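Since we're looking at a predicted model, the values are computed, not measured. All chains are named by letter (A, B, ...) in the order of the sequence lines, taking the proteins before the strands, and each is independently numbered beginning at 1.
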There are 2 protein chains.
Amino acid sequence: MSPRIGLDLPTILQAAVEIADTRGLEEVTLASLAQKLDVRSPSLYNHVNGLSGLRSKLAVYGLEQLLHVMTQAVVGRSGDDAVRELGKAYVTFARAHPGLYDATLRAPDPQDEEVRRLAGETVDLVIRALQAYELKDDAALHAVRGLRSLLHGFSSLEQRGGFGLPLDLDVSFRLLLDTFLAGLHEMKRWAKAESKPT
Amino acid sequence: MSPRIGLDLPTILQAAVEIADTRGLEEVTLASLAQKLDVRSPSLYNHVNGLSGLRSKLAVYGLEQLLHVMTQAVVGRSGDDAVRELGKAYVTFARAHPGLYDATLRAPDPQDEEVRRLAGETVDLVIRALQAYELKDDAALHAVRGLRSLLHGFSSLEQRGGFGLPLDLDVSFRLLLDTFLAGLHEMKRWAKAESKPT
DNA sequence: TTGCAAAAACTAATGTCATTAGTTATTATA
DNA sequence: TATAATAACTAATGACATTAGTTTTTGCAA
């Protein structure tokens with residue numbers, strides 16, 4: 001009386017997220033997952049394509065959630081306010097789901113159609129949030145990369161305990177965003193000065 | 001006639017770096033390393049405390065090299081120039097040694113005395129590079145964190161192929177640094193305006 | 001309602017890896 | 001020259017992932 005226990009992909013992913021967030025992404029193994037789900041590890045192959053398949057699904061799952069909280073963060077906002085809330089949502093997610101966040105960066109298959117779609121949507125979202133700065137064409141895309149670099153860098157270093165100094169992390173983050181935004185405003189000024197010269 | 005082949009720590013680290021940089025940090029196993037060195041994997045325990053010990057040593061080795069290239073980059077420079085060269089040296093190192101760079105962030109033991117020393121020296125170096133901005137006390141430390149976030153974030157995302165758009169990465173990086181530096185200048189202006197009010 | 005095919009769980013087996021214990025040969029030193 | 005430390009080795013164990021093949025349940029068609 002063992003087949004059809006009721007295992008399914010959502011259940012598996014939820015258990016995997018729990019392990020990732022509490023013990024780290026490396027601790028998400030088919031063995032640990034099977035034990036948590038009270039199942040033998042080969043059974044997982046009915047739902048997921050091995051460990052690498054699981055990690056890919058975990059990455060997509062995380063990207064979906066991250067995009068969702070970022071989307072919620074910017075609705076009805078624009079300019080500095082929008083970017084600040086976006087940033088806050090990003091680091092809050094990374095703090096709440098360290099393992100899942102890790103998966104979004106280390107586990108995804110770049111070929112995966114779903115991953116590409118989510119990446120594209122995220123870029124679009126950030127572009128819209130940056131509209132107030134009137135960056136033209138490529139400049140907007142470069143700014144998206146910059147903002148993403150800064151958000152990921154901060155989150156990643158915070159997660160790994162890379163910041164050793166006894167200094168308030170929230171203050172560091174706020175100042176970092178402020179500095180970046182001030183820089184964006186300057187870029188906007190300079191661009192205007194160039195287009196209306198002497 | 002097998003003992004005393006001539007294996008030593010530098011040789012081991014060099015081989016490990018080669019594997020890490022070409023195949024990725026995850027591929028650095030005692031097995032792969034032993035094969036490369038033409039030795040049985042238990043022999044490595046005479047020089048290194050297992051896989052975790054190897055990774056710790058790799059992290060220290062990488063941090064030393066990274067600090068070295070950053071130090072070279074800022075000598076005789078100050079202000080924007082110093083920060084720009086520092087940033088360039090950082091991403092150049094990460095590009096040239098992706099696996100070793102990865103090790104500096106994922107492998108280090110935060111308790112390790114050597115790691116703490118190198119981290120401290122790095123902070124000092126960056127503080128000096130930022131001296132021209134006249135940031136007072138904590139502000140300077142927050143700025144160090146910000147710069148580091150941005151450098152690591154960019155390097156990490158670039159390495160993982162996280163930037164999908166067909167857009168010149170060097171331009172993105174230069175703009176990111178420019179934006180941050182412009183922001184720092186603004187912070188300096190505001191601080192002055194505050195100290196000499198109305 | 002009955003029977004059959006697909007799906008989901010299982011057991012058993014293989015191979016890779018890290019790690020430990022115990023052995024042997026070499027080197028350095030007393 | 002003898003001995004102790006060291007560096008390599010072999011053998012064995014245990015954790016994993018993965019595959020092959022088996023059994024049981026379930027859904028659907030006759």
Asks: L54(A) CG to dC16(D) C1': how many Å, rounded?
Replies: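 Whole-Å distance recorded here is 14 Å.
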Asks: Find the distance L33(B):CG to dC17(C):P and express it as a whole number of Å.
Replies: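 Checked: the CG to P distance equals 12 Å.
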Asks: Side-chain N or O of S43(B) less than 4.0 angstrom from OP1 or OP2 on dA7(D)?
Replies: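 The answer is no; no side-chain N or O of S43(B) sits under 4.0 Å from OP1 or OP2.
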Asks: Without decimals, in angstroms, what is the distance between E27(A) CD and dA15(D) P?
Replies: 14 Å
Asks: Identify whether any heavy atom of G53(B) sits under 4.0 Å from a base atom; if not, whether one sits that close to sugar-phosphate; answer base, sugar-phosphate or nothing.
Replies: nothing
Asks: Between the side chain of S155(A) and the main-chain N/O of H152(A), is any donor-acceptor distance below 3.5 Å?
Replies: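 No, the answer is negative, given that no donor and acceptor are paired below the 3.5 Å cut-off.
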Asks: Tell me which nucleotide among dA7(D), dA9(C), dC10(C) gets nearest to the side chain of H47(A).
Replies: dA9(C)
Asks: What are the two closest heavy atoms between D21(A) and A96(A), and how far apart are they?
Replies: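 Minimum heavy-atom separation between D21(A) and A96(A): OD2-O, 4.1 Å.
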Asks: Taking the side chain from R145(B) and the backbone from L167(A), do they hold a donor-acceptor pair closer than 3.5 Å?
Replies: yes
Asks: Between P on dT27(C) and CG on D8(B), what's the gap in Å once rounded to a whole number?
Replies: 15 Å
Asks: Go through the steps for H97(A) and D102(A) under the test side-chain hydrogen bond (donor to acceptor under 3.5 Å, both in side chains), then give the verdict.
Replies: CA-CA 8 Å; H97(A) 294 288; D102(A) 215 17; over 6 Å; no
Asks: Please table the atom pairs, donor to acceptor, closer than 3.5 Å between any side-chain atom in residues 5-18 of chain B and protein atoms at least two apart or in another chain.
Replies:
| residue | atom | partner | partner atom | Å |
| --- | --- | --- | --- | --- |
| D8(B) | OD1 | T11(B) | N | 3.2 |
| D8(B) | OD1 | T11(B) | OG1 | 2.4 |
| E18(B) | OE2 | K36(B) | NZ | 3.3 |

Asks: How many Å lie between CZ on R55(A) and C1' on dC16(D), as a whole number?
Replies: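 In whole Å, dC16(D) C1' lies 14 Å from R55(A) CZ.
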Asks: Between R40(B) and dA8(D), is there a side-chain N or O to OP1/OP2 distance below 4.0 Å?
Replies: no
Asks: Rounded off to whole Å, could you give me the CD-to-C1' distance for the E26(B) and dT16(C) pair?
Replies: 16 Å
Asks: Is there a donor-acceptor contact under 3.5 Å from the side chain of R77(A) to the main chain of A73(A)?
Replies: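 Yes, R77(A) side chain to A73(A) backbone: donor-acceptor pair under 3.5 Å.
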Asks: Between D168(B) and H142(A), is there a side-chain donor-acceptor contact under 3.5 Å, judged purely by atom types and distance?
Replies: no
Asks: Assign a letter to each nucleotide of nucleotides 18-24 of chain C from its 5' end: B, base within under 4.0 Å of a protein heavy atom; S, sugar-phosphate only; -, no contact.
Replies: SBB----
Asks: Would you say the side chain of N46(A) and the base of dA7(C) hold a donor-acceptor pair, judged only by whether the two atoms sit under 3.5 Å apart?
Replies: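 No, the side chain and the base share no sub-3.5 Å donor-acceptor pair.
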Asks: When the distance from CD1 of I5(A) to C1' of dA7(C) is rounded to whole Å, what number comes out?
Replies: 13 Å
Asks: CD of Q35(A) versus P of dA17(D): gap in Å, rounded?
Replies: 12 Å
